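This is a predicted model, so every value here is computed, not measured. These numbers come from the heavy atoms of this one structure, side chains and all, not from hydrogens, waters or symmetry mates.
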Amino acid sequence: MTTTTPAAATAPDAAPGAAQPATATFAAALCAAQHDAMRLDETIVLLGQDVRAGFPFGATKGLVDVFGPDRVVNTPISEAATMGCGVGAALGGIRPVVEVDFAGFLLLGLDQLVNNGAKLRYMSGGQASVPLVVRVGQGPLGSFAAQHSQTQHAYLAGIPGLTVLAPATAQQAYDAMRWALVQDDPVVLLEDMRLYRRGGPLTRGPVPGSVTSTVHRPGTDLTILTFGHGVVTALQAAQEVAARGIDVEVLGLDSLNPLDVAGVARSVRRTGRVLCLADDPPLFGTAATLSLVATTEAHDVLRAPVLSLGGRAVPTPYTPGLEALVYPTPGAAAEAITTLMKWTD
Amino acid sequence: MTTTTPAAATAPDAAPGAAQPATATFAAALCAAQHDAMRLDETIVLLGQDVRAGFPFGATKGLVDVFGPDRVVNTPISEAATMGCGVGAALGGIRPVVEVDFAGFLLLGLDQLVNNGAKLRYMSGGQASVPLVVRVGQGPLGSFAAQHSQTQHAYLAGIPGLTVLAPATAQQAYDAMRWALVQDDPVVLLEDMRLYRRGGPLTRGPVPGSVTSTVHRPGTDLTILTFGHGVVTALQAAQEVAARGIDVEVLGLDSLNPLDVAGVARSVRRTGRVLCLADDPPLFGTAATLSLVATTEAHDVLRAPVLSLGGRAVPTPYTPGLEALVYPTPGAAAEAITTLMKWTD
Amino acid sequence: MTTPTRPAVDRRTAAAMYGTMALIRRFEQAAYRGYEQGEVHGTVHVGIGQEAVAVGMIGALRETDSVLSHHRGHAHALAKGVPPERLMAELYGRSDGVSRGKGGSMHATDLRRGFLGTMAIVGSSIPVATGVALANKVRGRDDVCVAFFGDGAVNQGVLYESLNLAALWRLPVIFVCENNSYAITTAVGDATAGPGVAARAEAFGVQAETIDGQDVLAVREAAERMIEGARAGRPALVECLTYRFMGHSRGDPAHGVYRDKEEVELWQRRDPLRVLAEHAGLGDDLAAELTAEARERVRAAVEFAGRSPVPGPAALMEDIVK
Amino acid sequence: MTTPTRPAVDRRTAAAMYGTMALIRRFEQAAYRGYEQGEVHGTVHVGIGQEAVAVGMIGALRETDSVLSHHRGHAHALAKGVPPERLMAELYGRSDGVSRGKGGSMHATDLRRGFLGTMAIVGSSIPVATGVALANKVRGRDDVCVAFFGDGAVNQGVLYESLNLAALWRLPVIFVCENNSYAITTAVGDATAGPGVAARAEAFGVQAETIDGQDVLAVREAAERMIEGARAGRPALVECLTYRFMGHSRGDPAHGVYRDKEEVELWQRRDPLRVLAEHAGLGDDLAAELTAEARERVRAAVEFAGRSPVPGPAALMEDIVK
Ligand SMILES: Cc1ncc(C[n+]2csc(CCOP(=O)(O)OP(=O)(O)O)c2C)c(N)n1
Ligand SMILES: Cc1ncc(C[n+]2csc(CCOP(=O)(O)OP(=O)(O)O)c2C)c(N)n1
Ligand SMILES: [Mg+2]
Ligand SMILES: [Mg+2]
């Protein structure tokens with residue numbers, strides 16, 4: 001950290017002067033959210049590798065020009081200490097945002113996040129506040145191979161004390177980040193790397209009151225429960241089957257912990273058919289939990305058993321042809337929808 | 001590592017000269033298994049903190065006297081390097097057993113285990129063998145508080161490339177360890193700390209051909225799917241309801257990855273009622289997956305929806321009265337059984 | 001090891017230090033008894049013999065400075081001003097415990113007194129303290145944060161990552177290694193290669209020294225220097241040579257397996273209470289008076305803890321998030 | 001930085017080194033082109049300018065010695081004898097790739113040639129190499145294992161944990177830091193406090209030196225000394241000062257944002273191929289001949305890779321466990 005004073009305020013690429021509502025990529029929306037929050041809260045500090053340059057996805061690009069190097073801090077490649085430092089800085093009264101570019105690197109900082117970040121409030125009997133935000137790039141990016149293509153949704157969502165968000169659109173990314181930056185406890189933003197360059201409408205609005213779930217597409221015949229990039233897949237599948245007269249509802253879980261159980265119940269009790277869609281394998285993955293919730297909440301009205309569609313249980317291969325076989329496609333989702341619609345016990 | 005030659009062969013506390021079948025604690029059975037395997041395979045080396053003293057649970061006690069300090073190696077408190085060293089040693093042609101006393105410490109070595117250990121074979125197109133065995137103490141031990149009371153079953157079982165075992169008895173601990181020590185790929189033994197001092201019959205037999213699942217108690221009315229210490233809870237619950245004429249089958253999943261789906265199907269299709277029992281919370285925990293498997297395999301014959309009973313979603317509190325509320329008790333399991341037996345949709 | 005010029009200490013300061021060390025000593029004896037009686041649960045790590053490190057170092061801090069501790073942390077808590085009765089109630093798992101009975105000995109916390117927490121993952125308090133120092137710097141405060149850890153923690157990589165960050169960012173943080181010669185049964189020499197943790201710290205750009213951890217005046221003198229430096233952006237590491245007179249934790253005998261009686265007795269002759277009494281010429285009467293005072297405070301603490309109610313079931317799901 | 005007495009090198013050895021460096025250079029140029037053409041996928045990190053480190057170090061190894069590499073690893077693979085056509089096929093994601101197309105540039109592996117793997121988690125190859133050395137020792141072999149890593153990895157704690165283990169257990173392992181001044185956009189000085197990685201290693205009981213990584217003869221000389229020491233149980237670390245002439249990975253320009261053109265050009269004048277040709281007096285003809293040979297081998301490799309079939313779907317679930 002240098003002690004240079006911030007450069008004159010110039011806006012990040014992302015947005016500032018833009019008319020509202022505007023359009024932005026998912027990455028730019030994250031950048032805009034950090035920008036807008038940092039303007040309002042002087043204690044927000046970004047920590048991460050090459051965050052000043054905004055490498056590699058542009059989610060912090062230009063922020064150093066606005067807020068200076070004391071608030072946009074390049075860290076050495078020291079994931080464990082950086083995460084611990086984030087926990088400590090939060091405990092010490094500021095709001096750090098720790099960036100972890102690829103989920104595989106998170107494992108190096110997991111002890112600090114899970115053993116300290118998530119537990120300090122409880123272990124201290126409520127005294128300690130750890131308003132830490134952790135951003136983690138999840139999922140495949142396209143031939144980045146096994147160490148750079150991982151999802152940790154299910155594990156993180158199962159850690160009591162961590163709030164875990166999985167936005168699906170630019171607007172949700174913005175909202176999730178703004179919301180996270182006013183919480184008193186650690187929040188993990190799981191950012192699907194396939195979404196970074198996707199554009200969408202963006203209103204740089206006020207901080208949302210909560211982050212729960214979103215009906216991306218209302219429907220009557222069947223509910224797809226999903227999150228993050230799964231929403232993209234689900235919407236494509238829904239479109240595909242709409243031609244055949246099947247009316248699919250796509251419910252995105254913007255928050256995985258806490259999980260909007262009531263929202264899930266509302267949807268699945270209405271449609272009576274459920275497809276759980278995730279990138280990790282069904283066994284020990286996120287789909288298992290979505291399935292459990294749907295079954296528990298609606299077993300008495302389900303018209304077919306809940307179906308789970310997830311990734312294959314394999315370290316992600318490098319070569320594109322094999323990688324394409326790992327993650328659920330809109331086609332596979334459409335097929336599962338067909339199966340569910342035809343169901344008779 | 002010193003270069004002292006091994007002391008004259010004397011047996012560990014655990015067992016050697018004992019008549020067969022004998023009785024042993026879970027910890028002593030693990031010690032006996034390591035002993036018996038090390039006798040047969042000179043390349044087995046134990047790595048861990050205070051393993052020479054057998055601290056804290058006695059699972060390596062006395063082995064240094066038999067095999068010497070070059071094969072029973074005290075490590076510094078360096079979980080990351082120790083795990084990486086275990087991966088490398090396995091890659092280099094020996095069989096390391098890495099001991100991690102409490103699950104909370106595993107997070108420090110997780111990068112090496114998950115990013116390298118589990119993936120090297122796949123990333124190398126099948127060339128690399130990593131015959132690493134990792135022993136991890138799981139679960140609560142009794143007022144050890146949040147950092148020392150964790151379970152990681154669901155996360156680890158979801159890592160492709162890792163075999164994950166969860167023995168429930170001394171015999172299973174012995175068998176699991178012997179089996180693990182002849183595999184070509186990494187195996188994680190999840191040892192519930194509440195089991196270490198429990199005794200049970202032990203036959204120091206040959207290496208089992210496989211580790212799958214065990215019917216600990218056959219029954220006709222209902223299946224409890226569980227593993228590790230859950231078996232103890234389940235058997236007590238089964239006993240409790242037996243007085244009321246309910247005949248419970250307890251199926252222990254000795255291996256969580258791979259999961260014995262056929263074994264689960266056989267049992268649940270026969271009984272038609274299922275209780276999934278685990279120490280972690282149902283959402284994002286092990287019970288969700290067991291529930292998914294049971295539902296998928298038997299939805300057409302289930303007489304009631306699958307019930308899941310897990311721990312509370314809270315960092316484990318220190319004070320005994322609160323800690324007792326976290327983990328499922330035999331009483332809670334018995335209640336769930338009652339609910340299932342009364343079920344009419 | 002640096003041989004410090006021992007600072008002149010006034011009788012009053014010396015007496016206060018002696019009193020705090022006596023309090024810690026009595027407190028830990030009572031905690032150990034509490035464990036044997038089933039009132040303290042799980043496990044307990046006492047640091048009897050190591051009191052001078054906590055008292056010398058923390059005594060030099062301001063109230064607004066902060067401390068992060070590890071599994072052997074009662075001394076740090078008490079030296080930072082955590083009321084003994086609240087700490088004992090925590091060990092008893094009671095509602096009046098500083099952490100409401102949810103943390104226990106390994107996670108006692110008292111934010112109001114700048115005792116920011118106790119972390120039982122070896123080495124884990126180190127980057128957290130570094131982060132607290134970062135927050136202090138960002139907020140423009142010149143408070144320092146002190147991380148305590150044992151010789152066992154010096155082989156956790158996160159220490160070196162943290163030293164690097166502290167030096168790079170000129171953070172007001174002090175790393176205190178309580179080298180008591182063992183990590184459970186493992187002697188320092190069997191775990192730590194090279195010239196030692198002080199030399200290691202220097203190689204990361206952090207000034208460091210090794211001092212006599214049995215001499216509270218030596219610790220205090222080093223502390224004052226280092227704290228002044230840290231406030232000015234020069235982080236520091238100090239290795240205090242000390243010894244635990246008892247076993248690692250409940251059940252572990254003081255000697256027999258990994259160290260012999262003679263070694264323990266040798267160190268006991270350098271009991272920090274005795275060393276201070278001699279150096280400062282306190283006199284038997286004053287020492288006895290301070291000891292009696294400590295005994296009385298601990299008696300009251302035990303009584304308080306015993307009377308405090310256990311938390312009711314509603315407490316279980318409180319305090320997870322705000 | 002140690003100034004070595006440059007060893008006399010016979011013309012034949014020099015020519016072989018030049019040839020390997022030329023092969024690596026051409027290979028990486030082709031790989032980069034392959035990326036631009038959509039034949040190489042995901043990302044690609046080329047180490048053009050850094051060839052002397054791999055060739056000098058690995059050239060001094062025996063066939064049974066082994067190497068672990070990192071994200072910028074083509075040079076290590078080729079220097080260890082991995083056939084260029086098999087490596088290129090891996091980058092192309094084809095069945096004849098050394099890792100059957102499953103690993104790609106970041107995870108090429110060739111066990112038969114002692115190229116034990118490529119790890120893309122920064123710092124992650126270091127403890128693995130330490131473990132391989134442990135296995136060598138347990139098996140009574142005097143083979144060494146070499147871990148390569150960048151300047152960015154020197155702030156990963158696991159390096160220091162590993163140095164400590166290596167020194168403590170006297171393991172036959174060599175740690176090679178390729179200090180090319182940057183980790184992506186971050187200059188060494190902005191990431192690494194203190195006197196540098198060599199001094200850090202010494203503080204962990206591992207002998208270390210810093211050498212000119214552009215001079216393959218200097219690297220070779222240091223390598224021979226260190227390998228001899230490592231075989232005898234004296235692990236070592238060597239920091240090689242070098243420079244990548246191109247950007248960090250595909251898309252990153254060679255200069256403009258975090259470093260300027262002048263700096264790049266300054267280093268380019270110390271191109272390892274040119275430095276060797278001059279020091280060893282190879283002569284233009286021989287250099288041209290070796291270059292042509294390398295070009296031809298790479299051309300053949302590209303052709304081989306292009307012809308190799310993509311893996312069929314059955315390969316997906318193979319190789320997870322045996
Ligand atoms: C990461 C981690 N590994 C292992 C342990 C188990 N453990 C608890 S205390 C201890 C020894 C610590 O020794 P040292 O740091 O010297 O402190 P001391 O106990 O001597 O005060 C160990 C290994 C732990 N708590 N955390
Ligand atoms: C643990 C981890 N953190 C971050 C990254 C992302 N990353 C890839 S290469 C790199 C820079 C590495 O720099 P250096 O070690 O100097 O090697 P160079 O690229 O210069 O060869 C980073 C940060 C990673 N792969 N692994
Ligand atoms: Mg110690
Ligand atoms: Mg570099």
Segment of [X] engaging chain C (4.5 angstrom heavy-atom cut-off):
| X | answer |
| --- | --- |
| Leu107(B) | neither |
| Glu79(B) | both |
| Phe144(B) | both |

For chain B, which of [options] has the most heavy-atom pairs under 4.5 Å?
| options | value |
| --- | --- |
| Ala153(C), Ser99(C), Ala191(C), Ser105(C) | Ala191(C) |
| Gly123(C), Ser124(C), Gly101(C) | Gly101(C) |
| Arg94(C), His248(C), Met119(C) | Met119(C) |

[X] versus [Y], closest heavy-atom pair with distance:
| X | Y | answer |
| --- | --- | --- |
| Gly103(C) | Ala145(B) | O-CB, 3.6 Å |
| Leu91(C) | Tyr318(B) | O-OH, 2.5 Å |
| Leu316(C) | Pro317(B) | CD1-CG, 3.8 Å |
| Met317(C) | Ala313(B) | CE-O, 3.6 Å |
| Thr319(B) | Pro311(C) | CG2-CG, 3.9 Å |
| Ile77(B) | Ala183(C) | CD1-CB, 3.9 Å |

Interatomic spacing from CD1 in Ile121(C) to NE2 in His148(B) - rounded to 0.5 Å: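 The distance works out to 6.0 Å.
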A side-chain contact here means heavy atoms from C-beta on lying under 4.5 Å apart; do [X] and [Y] qualify?
| X | Y | result |
| --- | --- | --- |
| Val314(B) | Asp319(C) | no |
| Pro315(B) | Ile320(C) | yes |
| Gln147(B) | Met106(C) | no |
| Lys102(C) | Leu322(B) | yes |

Which bit of Val321(C) comes within less than 4.5 Å of chain B, counting heavy atoms only: side chain, backbone, both or neither?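 For Val321(C), there is no contact with chain B at all, as no heavy atom is under 4.5 Å.
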Where on Val122(C) is there a heavy atom nearer than 4.5 Å to chain B: the side chain, the backbone, both, or neither?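 For Val122(C), side-chain heavy atoms alone lie under 4.5 Å from chain B.
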For the interface with chain C, which of Ala80(B), Ala53(B), Pro320(B) has the highest count of heavy-atom pairs at distances below 4.5 Å?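 Among the listed options, the one with the most contacts to chain C is Pro320(B).
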Are there over 12 heavy-atom neighbours, none belonging to Arg312(B), within less than 6.0 Å of that residue's CZ?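 No.
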Counting only heavy atoms not in Arg250(C), do more than 12 sit closer than 6.0 Å to its CZ atom?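 Enclosed.
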side-chain hydrogen bond (donor to acceptor under 3.5 Å, both in side chains) for Asn155(C) and Ser78(B)? Distances and angles first, verdict last. CA-CA 6 Å; Asn155(C) 297 308; Ser78(B) 306; 5.3 Å; no
Evaluate side-chain contact (heavy atoms from CB on, under 4.5 Å) for Gln49(B) paired with Thr185(C), printing each intermediate quantity in order. CA-CA 9 Å; Gln49(B) 293 154 21; Thr185(C) 71; over 6 Å; no
